[in-house]
Amino acid sequence: MRFATRVVLLQTATAVAVVAVCAAVFLLLGVQQLRTEAENSALNIARTVAVDPQVRADVAEASADPGTPQAAELRDGELQRLAGAVTERTGTLFVVITDDHGIRLAHPDDDALGQPVSTDYREVLAGKEVVTWEQGTLGVSARAKVPVLPPNGEGAAPVGEVSVGFEPSSVFNDLPTLIAGIVAAAAAALLLAAFSAMLLRRRWERLTLGLQPEELVALVQNQAAVLDGVGDGVVALDEHGLVRLCNETARGLLGLSEPEGRSLADLGVAPAILVAVREKTAGDGIVSGERVLYVDAQPVRRDGRDLGTVLIVRDRTDLVALSERLETVRAMTSALRVQRHEFANRLHVAAGLLDAGRGHEAREFLGEQLQRGPVDYPVENIDLIGDALLHALIGAHALEAGERGVRVSVAADSLLLSPLRDVEDVAAVLGNLVDNAVRAAVAGHEPRSVSIGCYGDGADLVLTVSDSGPGVTRDTDLFSRSNSSRGDGSRGDTDRVHGLGVGLPLSRELARRRGGDVWLIESGRPDAVGADSNAAPSGSGAVFGARLCDVLETTPSQTTALGTPTPAKDDAP
């Protein structure tokens, strides 16, 4: 039997027991009330008859006569007539009048006149009123006995008694109506109890989704085992957006403390996570504190009912850091590939001279190459970059850009003397800005170029990247994740590193994680309404800036580099 059914049956049985007890109590009280009313009515009638002057005089006269009254005389007497009239008028079973010896002076049965009564009358003759249920010659009745005093005074001894009785059938003639009322009230109470039990069952099954207590216990146990066993963070939100469940992994990744019963907005999570929960989508590369997270919000529905949202949180910090290192390795590998190709070309020239028997010219050619050293990167002013790794990174990007017809140069006012001590974030931010600039330059008109500015500001590195592309529209939100994965080659398109999106939004978040920022300094050429799209516009494209804090090695003797650019736009940090 289902638990809800057992609850309904138990509640119904309890209601039946309570109603039965209450009905029995009310029935007993009703019977007692009817008995009391009958006894009070008999007492009042007896008192009325006992104080009648005619009754008092006739009873006193009969008590003074030493002989026993004759039944024939009493049958036509005034007391018999008065007692019969009272009996007929009040509906009593009997009205009996006796003298001080208990001899009946008035009785409904004429044959009983002149005979002693069958019940004790001594207590009444002692001056007391008696109300009781007794068995007499006319059967069981509710009777009241009142003493009759002589006409000469209230303080004298009683001279007789008046006894008035009601038969049980007349006493309880209202009992069926009382029982009917009790039964109706009990039936209404039972119906109400059954209805409330059904409502309780329906509410229970709705709240528990039809699950039984043992199923709920197993579900909680399995849930605790699963949530504590998985490596992902899990946050369960109800239909109102309040946190109902949050495992320890999610608490650590999101930095939450006692989140149950509160909304994510009140908990201060990253805005990108709130967007993912609101739109029921996934988001990658979300920076929360010192971690880079992947979140996936999925709606939960059961039987067509919206139950809320489940938010899955995965830690991608190590993966992003590894991808940044791989990006640096990829750039250096590309540079080595270009250098290998250049060295191969030089060796082909030397081999050709030797094959032609021109050994003297071959030795002169090799001597010149020995003096020239390794292959130079095709980057103007690259000697202004003091860090060897950054030097190689810019050179590698320049070689790749050169293959696409874009010339990369270092700004003439660049000045970077300190070496890098944190390469990953610099490689990710600079690489993304250069790749976006090259992509924009390819979309523009010739000559295609990209200029990189590198400036040391104490332990901070300030970068500027400008291009000769068509520029960007100022009202476009380049750092919105909704605009960072279009894949159409436009500026802001996410750079894909082995399947991981590392675009402008993530670059900004990586910079801000270190206290810096990435911003748009100049939007370049505005979109000209009605202009000829085939005409080669003049001027430059967009200019982006970045500040990466605490990434340079510094010594106490070093001072802040001069010429550090100050962003002029309102959106600069």
Side-chain angles (χ1 to χ4, degrees), residues 34-173:
L34 292 177
R35 290 168 59 95
T36 302
E37 290 179 354
E39 292 171 356
N40 291 335
S41 298
L43 180 61
N44 292 331
I45 294 173
R47 286 175 177 174
T48 302
V49 174
V51 298
D52 185 86
Q54 183 66 39
V55 172
R56 295 174 68 178
D58 291 347
V59 172
E61 182 182 352
S63 298
D65 189 355
T68 301
Q70 298 297 319
E73 298 176 0
L74 296 175
R75 187 179 299 114
D76 298 328
E78 185 63 25
L79 293 178
Q80 180 69 4
R81 183 190 62 78
L82 189 146
V86 172
T87 301
E88 182 179 359
R89 187 168 57 252
T90 58
T92 58
L93 175 63
F94 60 84
V95 175
V96 177
I97 303 174
T98 67
D99 59 10
D100 55 354
H101 295 91
I103 303 301
R104 298 185 181 100
L105 303 178
H107 195 275
D109 187 2
D110 294 342
D111 296 336
L113 294 173
Q115 298 180 7
V117 295
S118 60
T119 59
D120 187 13
Y121 57 89
R122 290 173 295 179
E123 188 176 0
V124 178
L125 292 179
K128 298 181 180 180
E129 294 180 344
V130 178
V131 179
T132 183
W133 287 74
E134 288 183 332
Q135 174 73 39
T137 57
L138 298 178
V140 179
S141 61
R143 61 184 65 190
K145 300 178 181 180
V146 177
V148 178
L149 299 177
N152 55 357
E154 296 294 334
V159 294
E161 72 170 1
V162 175
S163 177
V164 177
F166 285 93
E167 59 182 339
S169 60
S170 63
V171 172
F172 299 112
N173 57 357

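In this chain, residues are counted from 1 in sequence order. A quick note: this is a predicted structure, and the numbers were derived from the prediction, not measured.
Note: Leu74 CG to Asp58 CG = 10.5 Å, rounded to the nearest 0.5 Å. Atoms CG and CG, from Leu105 and Leu79 in turn, are 6.0 Å apart once rounded to the nearest 0.5 Å. The CZ atom of Arg143 sits 5.5 Å away from atom OG1 of Thr119, with the distance rounded to the nearest 0.5 Å. The OG1 atom of Thr132 sits 11.0 Å away from atom CG of Asp120, with the distance rounded to the nearest 0.5 Å. Taking CG from Leu113 and CD1 from Ile103, the interatomic distance works out to 11.0 Å, rounded to the nearest 0.5 Å.
Listed for the Thr92 side chain is no donor-acceptor partner under 3.5 Å among the backbone atoms of Val164.
Across all non-hydrogen atoms, the minimal contact from Asp100 to Pro158 is CB-O, 4.5 Å. The two residues Phe166 and Ile45 make their nearest non-hydrogen contact at CZ-CD1, 3.8 Å. Across Asp99 and Ala62, no two heavy atoms sit closer than the pair OD2-O, 4.4 Å. For the residue pair Arg104 and Thr98, the shortest heavy atom distance occurs at CA-CG2, 4.0 Å. Contact detail for Val59 and Gly160: the closest heavy-atom pair is CG1-CA, 3.9 Å. Of all heavy-atom pairs spanning Pro150 and Arg56, the tightest one is O-NH2, 2.7 Å.
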**side-chain contact (heavy atoms from CB on, under 4.5 Å) between Ser163 and His107, intermediate numbers included** = CA-CA 10 Å; Ser163 177; His107 195 275; over 6 Å; no
**Request:** Apply side-chain contact (heavy atoms from CB on, under 4.5 Å) to the pair Arg47 and Asn44, showing each step before the final yes or no.
**Result:** CA-CA 5 Å; Arg47 286 175 177 174; Asn44 292 331; 4.2 Å; yes
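By the 4.5 Å heavy-atom criterion applied to side chains, Val96 and Pro108 are counted as neighbours.
Heavy-atom contacts from other residues, nucleotides or ligands closer than 6.0 Å to CD of Glu61 number 12 or fewer.
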